[in-house]
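Structure, as structure tokens:
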Amino acid sequence: MAKFSSAISYWEQCKDDILAGCDLCGSCLEVCPRYRFPASGLTDPHRDIERYHALWRTGEASGDMYELVYTCVGCAFCRDVCPMGFNVYDSYHHYSRYLAWKAGLPPRSKTELRIPHVRGNIAAVLSAMQMRPNQVRWIWDLDSGTPRREVLLFIGCITHSHPDKIFTLLDVFDRMAVDYLPLGGGPICCGGTFIVSGLYEEATRRAKDMVAKFNAYGAPTVVFWCANCLRHCQGFISQITDLAFEAVHASGYIARNLDRLHFAHPVDLKVNVHDSCIIGRSGLRDYRSIRSIFEAIPGLKVVEHAEAREKTPCCAVGKGEMNQAMRRRLYQLVASTGAGLMATVCNTCTMTMGFEDAQLPFDVTNFINVVGWALGIRHEEKLRHLAQLGNLEKALTEARECFAAHGYTDGEVRDKVGPFFT
Ligand code: SF4
Ligand code: SF4
């Protein structure tokens, strides 16, 4: 039975437990990668733990808390190190941001809601630049008349920024002959986008609504394309409502159905698997699925660097100096393997690193593309192409026919996603 009424009450309990039993040993922040980077502004784990404690006790946040709270990249290196067994990760990453936001420190990046079926937000506009309205292959919502399938394939929100990968995923599921229903997301939402926007009560409402709809639909298995949605589902959502279905990531589902796929197209490449925080130490702890899929693909050789699996550096989403330094360190590790490709699993990693590879000695793409190549499935990675043009006007010219079919003007696209292409 779910023990908490909301995400906030769950995180408050995590915080209360820490305040009651923490002996300030410092183990949790000593592993925090921010201390390797002077740009983070953090220098002393013991002093910083006391700053966190002060925030958790009082709910008061001064200006310098901003750096402390908002430079946390959510990498979860602190997740499993507390000798007292406290969930410090949720307290550092989620609850501190909630308190800072309540104290008047707004979310660091101008994150906006990414709800793909609602006209005009960033996911909808990026999607419209790459696919026409008649290419939608999923339904957006569930109701009592929705046909019953064994598997619900839930796509998510920001994932719609890469329609090519959704198409490949659906083609792979078709090849597996799975009895499945593709569900877009949008009206159904795990609440994650509301957390990063500082709307914590709404996140709780959305998460409970999502689970209620999945429970009512009755599919025994819900496959998540977005690892972040699944991480939330297995994390705070399972603490505030009861799941009547098995929740699994698409990579795990494909891995256990490999006998349904015939990889007839060798992929002669050395590939490094990027063990994202979300797939790994922040929740799912699944380092096996992607590797077992890749081991089944003829020609493909998985190569590992010295910090593979639970030690893998975070993609550190963001363009700040520290975030870029964290990524440079990861890129050096991958380059040391001689890999021609780094395969991501999490869509945030794909979004963060998938356009930077023009400067790297290896390509970066989502693992589903590699699965597609081995099956003879290829959909052009249009967003990567448009982003690597490095010129908004050229991107607009190439994508105009597509976004105009959705009724968007140049001005609307320029206003919404312009900085993304420069
Ligand atoms: S999630 Fe990562 S960046 Fe944030 S406190 Fe934990 S170790 Fe540090
Ligand atoms: S590791 Fe646990 S006991 Fe040590 S400072 Fe962190 S929360 Fe406190």
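Along the sequence shown, residues are numbered consecutively beginning with 1. Quick caveat: nothing in here was measured; it's all calculated off a predicted structure. Counting starts at 1 for both ligands and their atoms, in listed order.
Listed by number with element, the atoms of ligand 1 under 4.0 angstrom from any heavy atom of Y89 are 1 (S). Listed by atom number, the atoms of ligand 1 under 4.0 Å from C32 heavy atoms are 3 (S), 7 (S), 8 (Fe). Residue L24 has at least one heavy-atom neighbour below 4.0 Å for each of these atoms of ligand 2: 5 (S). Short contacts between ligand 1 and G74, defined as distances under 4.0 Å to a heavy atom of the residue, involve ligand atoms 1 (S). Those atoms of ligand 2 with a heavy atom of I49 less than 4.0 angstrom away are 5 (S). Those atoms of ligand 1 that come under 4.0 Å of a heavy atom in A76, given as number and element, are 1 (S), 2 (Fe). Taking every heavy atom of Y92 and a limit of under 4.0 angstrom, the matching atoms of ligand 1 come to 5 (S). Listed by atom number, the atoms of ligand 1 under 4.0 Å from P33 heavy atoms are 7 (S).
Contact annotation for R34 and ligand 1: only side-chain heavy atoms (C-beta onward) come within less than 4.0 Å of the ligand.
Every residue was checked against the salt bridge (charged side-chain N to carboxylate O under 4.0 Å, His left out) condition with E398, not counting sequence neighbours, and none meets it.
Atom 6 (Fe) of ligand 1 has C78 SG, 2.3 Å as its closest protein atom, hydrogens excluded (heavy atom only). Considering only non-hydrogen protein atoms, atom 5 (S) of ligand 2 sits nearest to G26 N, 3.3 Å. Scanning the protein heavy atoms around atom 2 (Fe) of ligand 1, the nearest turns out to be C75 SG, 2.3 Å. Atom 4 (Fe) of ligand 1 has C72 SG, 2.3 Å as its closest protein atom, hydrogens excluded (heavy atom only).
Judged by distance alone, the side chain of Q239 and the main-chain N or O of G235 form no donor-acceptor pair under 3.5 Å. In this structure a side-chain-to-backbone donor-acceptor pair under 3.5 Å is missing from Q130 to D164. Side-chain atoms of Y95 never come within 3.5 Å of backbone atoms of Y10 as a donor-acceptor pair (strictly under, hydrogens ignored).
Smallest separation of non-hydrogen atoms from S282 and R231: OG-NH1, 3.1 Å. Heavy atoms only, all atoms of each residue included: V31 and C28 are closest at CG2-O, 3.1 Å. Taking all atoms of both residues into account, the shortest heavy-atom contact from R51 to M65 is O-CE, 4.0 Å. Of all non-hydrogen atoms in L183 and D141, the two that sit nearest each other are CD1-N, 3.8 Å.
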Fill in: Residues E50, R57; criterion salt bridge (charged side-chain N to carboxylate O under 4.0 Å, His left out); working and verdict
CA-CA 10 Å; E50 289 182 3; R57 266 200 197 92; over 6 Å; no
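At a cut-off of 2.8 Å, measuring from atom 2 (Fe) of ligand 2, the protein N, O or S atoms that fall short of it are C82 SG, waters left aside.
No more than 12 heavy atoms of other residues, nucleotides or ligands lie within 6.0 Å of NZ in K301, so this atom counts as exposed by the packing criterion.
Taking the six-membered ring for Trp and the full ring otherwise, the centers of F245 and Y217 sit at least 6.0 Å from each other.
Here the options are R291, K311, R288, the test is salt bridge (Lys or Arg N to Asp or Glu O under 4.0 Å), and the partner is D275; only R291 passes.
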